Every structure is written in structure tokens, then in C-alpha cells.
Number of protein chains: 2
Amino acid sequence: MSTPPATDWLRLDQQICFSLNAASRAFGGVYRVVLKDLGLTYPQYLVMLVLWEHGELPVKRLGEHLRLDSGTLSPLLKRLEAAGLVRRERSARDERSVEVRLTGEGTALRERAVEVPRRIAAATGLDLAEIQDLGARLDRLTAALDAYDTDPAPAPS
Amino acid sequence: MSTPPATDWLRLDQQICFSLNAASRAFGGVYRVVLKDLGLTYPQYLVMLVLWEHGELPVKRLGEHLRLDSGTLSPLLKRLEAAGLVRRERSARDERSVEVRLTGEGTALRERAVEVPRRIAAATGLDLAEIQDLGARLDRLTAALDAYDTDPAPAPS
DNA sequence: CGCAATTCAATTGCGCACAACTAAGTGACG
DNA sequence: CGTCACTTAGTTGTGCGCAATTGAATTGCG
């Protein structure tokens, strides 16, 4: 055999995706601690980031930025609305669309969120260049995986 | 000002953790496709990997390998048991512990799983060295994040 | 105009992740 | 021996992620 035994592959496999999965969940743990003061979960924080950056926008656009669909966003946005951070209202010009916009309280929360990134960066133990490099690699990986998602059977050997 | 405006930090922040989160979910999509034939979800597949490698072991040990607790594993293992892949039985020597072991069917499934890693590796578009390097970086990141989790204010310089 | 295809948000159902709690078993120590 | 601290699984409740479906609104096309 030119290839190593299957056992090695099964173990290697775990290293790739499992490492990613574990890192993602470890981040979740840190964010849970850091965001506790703000009363946000990590996905809610991501939504707020997009809104702080882009202002009001429909659910669809929000989902495009975050790679999430309405099945995830609808209940999440309801919780943000219940917390008084956003308002949701049907667009006048297109009644299918729902515009999400920050309340005064939601806008104000940004002031308390600005310190979050520094605390997270500190927790990673990485410097800026490493973070950016890792991010770039991961983005390329995501693009490759998404491409495969829609093209599940490339020609085998 | 020696530091850039807060806006930049908020955007950078999104790049680190969001890239990781997105990559993790993109992996989920690929695994969902690849594992469909086996009737496994990705977390269930991870459990099977551990069992294939280590044989029978208690829920506690399983959780240590996978970084998961009983709140996640108990229902997951029930589903694997309902699918006929594992059996769960109280340890005779320590009645607190529940031993998880593969059934014949669970053991047999390994034969059909050996091709999974190659298909996943193909989907990443990365070669072996890149995969290993990325995995190592992520493992270091996870270790740093876990350390921060239990020690939220490490002494700075 | 009238009808079909499409778009958009919401809902439903299922599974995972995690905190908090419960319950049962074990072991050490007085 | 009895009690008390600890360990181990399981359960409950909340929230995320995604597939599939529903229902309303819009667009395109004859």
C-alpha cells in the first residue's frame, strides 16, 4: 500500500475539523464571559456589530453578512427586540421585507462594546499579524467548503 | 491618539472569531452531506471516532476526549443507542459510571466511514501540511482560550 | 389585467452546546 | 458505623443552526 492504513486517516480527520470545532466552542466560552455584562450572546453580538456598522437593514441583508437564515435570525431578533435593543418593522415599500433598526438603547450599547475586541484579542494570546493571517486562512477554507457544498462529487482518482 | 479609532477594533474583532465560526459551520455543511449515507450527524461521528479508536469507555472519558459534558452526551448517546450503534450499561464496579460500547453494527459502520476523511480533506482544498499546520495553530488557540476562561484576568506585562 | 414563479420572513421540528440542578453511588474520616 | 464531600449521569431550560414548510407580497410574462 502506498497510503497509510485507514486508522491514521480517521485520526487525522479528527485533528482538522475537531480542532476547528473545539476552537469555535472555546471562543464561545470566552465571549460568554466577556459579553455577560452587555446581556448579549455571541450571535446576538454579531448581529449588533453588523447593525452598528451598517445601520438599519432588512433581515435578508443581515443574514447575508452573517451567513444565517431567517430560521435563526427571526427568534434571535425577537429576543433583541424584547431586550429593547432593536425594533423590527415591515418595510413600507416592500411588505415582504422587515427592516431591523437600532433603538437609542441599542446604539448606546456600542459605547460599552468597544472594549470587547481588546479583551478577546488578549484571550487569544496572539498578536495582530497572527490573528489576521489565521483569519485569512479560515476565510479561504470557508470559501472552499462552501464551493464543495454545492458541488458534492468531484471526480475521484 | 496612538491607538486607531474604536471602529477598526470592532471590525477586526469580527474577522477573528467570525471567520472561525463561519469555517466551523461550513464544515458542518460538508459533513452533513458526507455523513448522510451513514445516518450520523457530525457530533455523533466524533463520538464514533473515539469509540472506534479506544473501544468501550465511560461517558466521562468520552466527554474528556471531545470536550463535551453529559448534558450534550446523554441525549446524543441515547440516539446512537436507538440507532443500534452503541449500548450503554452501568459499570458493575462503579454504579455511577455508564460504559458506552459499540454494537456489532456500530463496529461494522467503521468500514463505511474510512472514506469520509479523504472526502473531507478534498473539500478543504488544502494539502496535508497545511491542514496539520492549521490544526496545530487552532489547538494552541483553544488552549489559550481555555486558560483565559478559568483565569479571566491574566497579569499583563 | 390575470396568473405563475419568485422572494422574503416566520414557523416547525430536530439536534447540539452549555449552565444549573438533581439523584445516586463512592470513599474518606471521625 | 455513620456522615459528609466528591464524583458521575441524567434532566431541565435556554439559545443557536439548519432543513423544510407556510403564507404573504412582488415581479414577470403573456
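Just so it is clear: chains get the letters A, B, ... in the order the sequence lines come, proteins before strands, and each one is counted from 1. Owing to the predicted nature of the structure, the values given are computational and were not obtained by experimental measurement.
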Value in whole Å for how far the [atom2] atom of [N] lies from [atom1] of [X]:
X: B:Lys60; N: D:dG10; atom1: NZ; atom2: P; answer: 14 Å
X: B:Leu76; N: C:dA17; atom1: CG; atom2: C1'; answer: 11 Å
X: A:Leu73; N: C:dT11; atom1: CG; atom2: C1'; answer: 14 Å
X: B:Leu145; N: C:dA17; atom1: CG; atom2: P; answer: 17 Å
X: A:Leu40; N: D:dG15; atom1: CG; atom2: P; answer: 12 Å
X: B:Leu62; N: D:dG10; atom1: CG; atom2: P; answer: 11 Å
X: B:Tyr42; N: C:dA17; atom1: OH; atom2: C1'; answer: 14 Å

Quick one: list whatever passes side-chain hydrogen bond (donor to acceptor under 3.5 Å, both in side chains) with [X], sequence neighbours left out.
X: B:Arg88; answer: B:Glu81
X: A:Glu53; answer: B:Arg11
X: B:Arg96; answer: B:Asp94
X: A:Glu130; answer: none

Selection residues 105-133 of chain B - residue pairs positive for ring pair (Phe, Tyr, Trp, His ring centres under 6.0 Å), sequence neighbours left out: none
Ring pair (Phe, Tyr, Trp, His ring centres under 6.0 Å): pairs with one or both residues in residues 56-87 of chain A, sequence neighbours excluded: A:His54-A:His65
Using 4.0 Å as the upper bound for N to carboxylate O, is an ion pair formed by A:Arg118 and B:Asp13?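 So B:Asp13 does not pair with A:Arg118 through a salt bridge.
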How would you list, by chain and number, every residue that makes a ring-ring contact (aromatic ring centres under 6.0 Å, His included) with A:Phe18, sequence neighbours excluded?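 Expected list: none.
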Under 3.5 Å on both distances, the Watson-Crick or G-U partner of C:dC3: D:dG28
Toward the 5' end of DNA chain C, which comes first, A:Pro75 or A:Asn21, by nearest nucleotide? A:Pro75
Detail all sub-3.5 Å separations between protein N/O atoms and N/O atoms belonging to nucleotides 18-21 of chain C.
unit_1	atom_1	unit_2	atom_2	d
C:dC18	OP2	A:Arg25	NH1	3.2

By a strict heavy-atom criterion of less than 4.0 Å, which residues belonging to residues 43-58 of chain A are in contact with DNA chain C?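 The stretch gives A:Pro58 as the residues lying under 4.0 Å from the strand, ordered by number.
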Hey, does the side chain of B:Lys78 come within less than 4.0 Å of C:dG15's phosphate (OP1/OP2), counting only N and O? no
Where the side chain of B:Ser74 is concerned, which of C:dA9, D:dA9, C:dA17 is the nearest nucleotide? D:dA9
Give every residue pair that meets the salt bridge (charged side-chain N to carboxylate O under 4.0 Å, His left out) criterion with at least one member in residues 134-143 of chain B, sequence neighbours excluded. A:Asp133-B:Arg137, B:Asp133-B:Arg137
Flag, side chain of A:Arg25 to backbone of B:Arg67, donor-acceptor distance under 3.5 Å: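 Yes.
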Strictly below 4.0 Å, heavy-atom distances to any atom of DNA chain D: list the hits from residues 88-99 of chain A, or just say none.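 Of all residues in residues 88-99 of chain A, the ones placing a heavy atom under 4.0 Å from DNA chain D are A:Arg93, A:Asp94, A:Glu95, A:Arg96.
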List for me each residue that meets salt bridge (Lys or Arg N to Asp or Glu O under 4.0 Å) alongside B:Arg87, sequence neighbours excluded, and say none if there are none. B:Glu89
